[in-house]
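Worksheet: one structure, shown below.
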Amino acid sequence: MEKKFVEILDSTLRDGEQTNGVSFLPHEKLMIARMLLHDLNVDRIEVGSARVSDGEKEAVKMICRYASQIDCLQKVEVLGFVDGHQSVDWIADCGCKTLNLLAKGSLKHCRQQLGKMPGDHIADIRQTVTYARQLGISVNLYLEDWSNGMKDSADYVYQMMDALVDSGIRRFMLPDTLGIMNPLQVIEYFRKMVKRYPDTHFDFHAHNDYDLAVSNSLAAVLSGARGLHVTVNGLGERCGNAPLSSVQVILKDQFQALTNICEDKLNAISRLVESYSGIAVAPNQPIIGENVFTQVAGVHADGDSKDRLYQNDLVPERFGRKREYALGKTSGKANIAKNLEELGLELTPEQQRRVTERITELGDKKEIVTQEDLPYIVSDVLKHDAPEDKVKLVSYVVSTAYGLKPGANVKVEINGQQYEAGATGDGQYDAFVKALRFIYRKYLDRTFPLLANYQVSIPPGGRTDALVQTVITWNDNGRLLRTRGLDADQTEAAIKATFKMLNIVESSNSL
């Protein structure tokens with residue numbers, strides 16, 4: 001049986017940006033578009049909406065210029081409206097060659113929102129399509145609210161299709177605009193569309209209000225859809241859209257479909273969009289969540305060492321990640337043994353038992369134990385001297401004042417030698433790190449690891465003296481390090497995490 005190819009349109013920069021609180025700067029849109037086109041090899045990207053703002057126009061122009069340089073302009077699409085020549089002219093002025101025209105896919109929307117009869121709306125659509133094609137712009141058509149259209153006014157949907165199927169529209173895009181459908185309805189309605197218009201290219205655009213966007217997308221492909229619409233991290237209005245990562249792996253693993261997506265870049269695009277959008281990915285989000293390739297239970301670690309008994313086809317290396325074995329009260333000796341092995345630490349069975357007991361004790365207190373903490377726990381349990389810090393904080397002052405940039409003065413000791421520097425930044429911690437960077441660059445001629453992620457958590461209750469936990473992920477020349485600090489002061493907690501990282505790096509450099 002020949003495998004089916006499915007075209008993927010990513011709408012992160014259009015529909016994803018409609019997430020509450022999300023607004024990408026033009027250069028951020030360009031960076032996301034570059035990664036989607038160049039690294040992930042997405043078939044099409046919907047990058048904005050016509051006539052929204054000057055910033056939107058600048059972003060679309062930048063993306064179109066870049067896409068032209070890499071011969072991918074045909075992959076860039078912009079949402080436009082049935083407004084005579086206005087949207088088409090806006091899109092043409094941006095240098096874009098594809099219009100995704102938003103039309104009404106239900107009789108209710110046509111009559112109540114537009115206040116028009118179907119025939120009048122069809123005439124307006126045909127006029128816009130004709131004008132766009134005269135300017136060399138190809139047209140795809142959204143039938144907005146198509147799901148309700150098929151449910152309540154199927155004759156209207158067929159009237160629209162009968163009138164437009166031969167008008168030169170390249171793709172008809174069928175959205176579940178309000179996220180009301182289930183997979184059985186998708187199959188029923190899609191099969192009716194494909195049977196009636198067998199030579200037409202249909203896309204499906206899912207929304208996740210009932211947490212069925214991914215399931216509905218698969219149902220659409222099973223029923224004849226040639227293209228699916230997704231967003232990175234599932235961004236979108238209300239509950240969002242179908243996540244790119246989940247749709248990709250389900251198509252490949254559960255349906256044996258073909259796509260052009262480079263899976264090993266899915267984690268990288270997720271992190272980029274997470275950073276720019278400010279919308280955190282849930283730790284248990286499939287494929288891209290922080291915890292999805294982390295085993296905690298010791299029995300799982302034991303099984304993995306005995307022929308991958310607790311692994312499936314979603315191996316982390318497939319997505320540019322690696323499997324981790326977290327440390328907690330259910331870790332067990334097999335899990336801890338894997339972490340010790342990765343760190344190059346060898347313990348006797350009795351020593352390992354005592355380390356396991358200590359980690360279990362910490363887990364009962366809800367304390368997080370990372371692999372970086374393990375050498376210190378081992379030293380403490382075995383009553384050895386704690387590892388001597390090679391990087392020590394001698395003193396520091398941070399300041400902030402209304403109308404002035406925060407500043408920091410820092411004195412540190414690195415391998416017995418003291419250094420001092422000052423800097424200003426966008427915040428107290430930013431100023432502190434900039435001062436450290438200056439020391440490493442000027443006095444040591446070394447690069448300072450890049451901050452990859454920064455998370456702060458506090459216990460519930462609202463006490464102002466509550467302990468703050470800061471977990472920071474660093475990129476040290478491609479190696480990711482995660483360290484944490486605990487203190488009543490957030491800046492102090494972040495500084496503690498920073499010096500843990502610096503001592504790990506210094507210890508590595510001395511090996």
Side-chain angles (χ1 to χ4, degrees), residues 8-22 46 48-50 52 77 79-82 100-116 118 121-122 125 140-161 164 171-194 202-225 227-244 246-247 250 277 279:
I8 301 295
L9 175 142
D10 184 280
S11 188
T12 304
L13 298 177
R14 198 277 297 174
D15 211 359
E17 196 181 26
Q18 293 175 200
T19 306
N20 184 32
V22 173
E46 193 174 43
S49 301
V52 167
E77 304 174 5
L79 182 75
F81 309 97
V82 184
N100 290 344
L101 186 61
L102 188 68
K104 298 303 178 183
S106 68
L107 182 60
K108 188 175 182 179
H109 271 220
C110 182
R111 285 185 171 173
Q112 296 186 21
Q113 190 169 39
L114 296 183
K116 292 189 174 184
H121 187 37
I122 289 169
I125 293 169
N140 303 317
L141 187 75
Y142 272 114
L143 289 176
E144 186 183 20
D145 200 36
W146 167 80
S147 47
N148 272 317
M150 290 298 291
K151 181 181 175 184
D152 302 326
S153 53
D155 287 343
Y156 167 82
V157 176
Y158 298 146
Q159 181 183 357
M160 293 283 288
M161 289 296 304
L164 297 170
R171 301 177 184 89
F172 286 84
M173 306 193 293
L174 309 180
D176 181 16
T177 304
L178 301 180
I180 62 165
M181 301 178 82
N182 63 54
L184 294 178
Q185 291 171 315
V186 174
I187 290 171
E188 176 189 353
Y189 297 155
F190 238 95
R191 285 181 176 173
K192 287 180 178 179
M193 297 292 287
V194 171
F202 289 117
D203 282 358
F204 181 61
H205 180 106
H207 278 265
N208 204 37
D209 295 70
Y210 283 95
D211 204 18
L212 289 170
V214 175
S215 299
N216 286 342
S217 295
L218 179 61
V221 170
L222 290 169
S223 306
L228 292 177
H229 295 194
V230 299
T231 60
V232 176
N233 299 343
L235 292 182
E237 284 188 295
R238 305 186 311 276
C239 300
N241 294 27
L244 165 61
S246 296
V247 167
I250 288 177
S277 68
I279 304 295

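Because the structure is a prediction, the values reported are computed rather than measured.
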Listing request: all salt bridge (charged side-chain N to carboxylate O under 4.0 Å, His left out) pairs with a residue in residues 172-182, at least two apart in sequence or in separate chains. none
Please check this pair: side chain of N241 against backbone of G234, looking for a donor-acceptor N/O pair closer than 3.5 Å. no
Check: Y142 main-chain N/O paired with N100 side-chain donor or acceptor under 3.5 Å: no
Who are the side chain to side chain donor-acceptor pair (under 3.5 Å) partners of [X], not counting sequence neighbours?
X: S217; answer: none
X: S106; answer: D145
X: R238; answer: D209
X: K151; answer: none

With a 3.5 Å cut-off and sequence neighbours excluded, list the donor-acceptor pairs that the side chains of residues 153-161 form with protein atoms.
| unit_1 | atom_1 | unit_2 | atom_2 | d |
| --- | --- | --- | --- | --- |
| S153 | OG | L107 | N | 3.3 |
| S153 | OG | G149 | O | 3.3 |
| Y156 | OH | K104 | O | 2.8 |

NE2 of H229 to CG of L174: how many Å apart, nearest 0.5 Å? 9.0 Å
If you round to the nearest 0.5 Å, how far is NE2 of H109 from CG of L102? 10.0 Å
Output a table of donor-acceptor pairs, distance under 3.5 Å, between side-chain atoms of residues 183-190 and any protein atom two or more places apart or on a different chain; print 'none' if there are none.
| unit_1 | atom_1 | unit_2 | atom_2 | d |
| --- | --- | --- | --- | --- |
| Q185 | OE1 | N182 | N | 3.0 |
| Q185 | OE1 | N182 | ND2 | 3.4 |
| E188 | OE2 | K192 | NZ | 3.3 |

Decide yes or no for L9 and V230: does some side-chain heavy atom of the first lie under 4.5 Å from some side-chain heavy atom of the second? no
Would you say that F204 contacts W146 through its side chain, given a criterion of any heavy-atom pair below 4.5 Å between the two side chains? yes
Nearest heavy-atom neighbours spanning V247 and A242: CG2-CB, 3.8 Å
What closest approach, in Å, do L235 and S277 show between heavy atoms, and which atom pair accounts for it? CD1-CB, 4.1 Å
Contacts of I250 meeting side-chain contact (heavy atoms from CB on, under 4.5 Å) (sequence neighbours excluded), chain-then-number -> V214, L218, Q254
For V52, enumerate each residue passing the side-chain contact (heavy atoms from CB on, under 4.5 Å) test, keeping only those at least two apart in sequence or located in another chain. S49, E56
Return yes if a side-chain donor-acceptor contact under 3.5 Å exists between H205 and D15, otherwise no. yes
Residues which pass salt bridge (charged side-chain N to carboxylate O under 4.0 Å, His left out) with D203, listed by chain and number, not counting sequence neighbours: R44
Apply side chain to side chain contact (heavy atoms under 4.5 Å, CB included) to residues L164 and I125 and explain how you reach the verdict. CA-CA 9 Å; L164 297 170; I125 293 169; 3.9 Å; yes
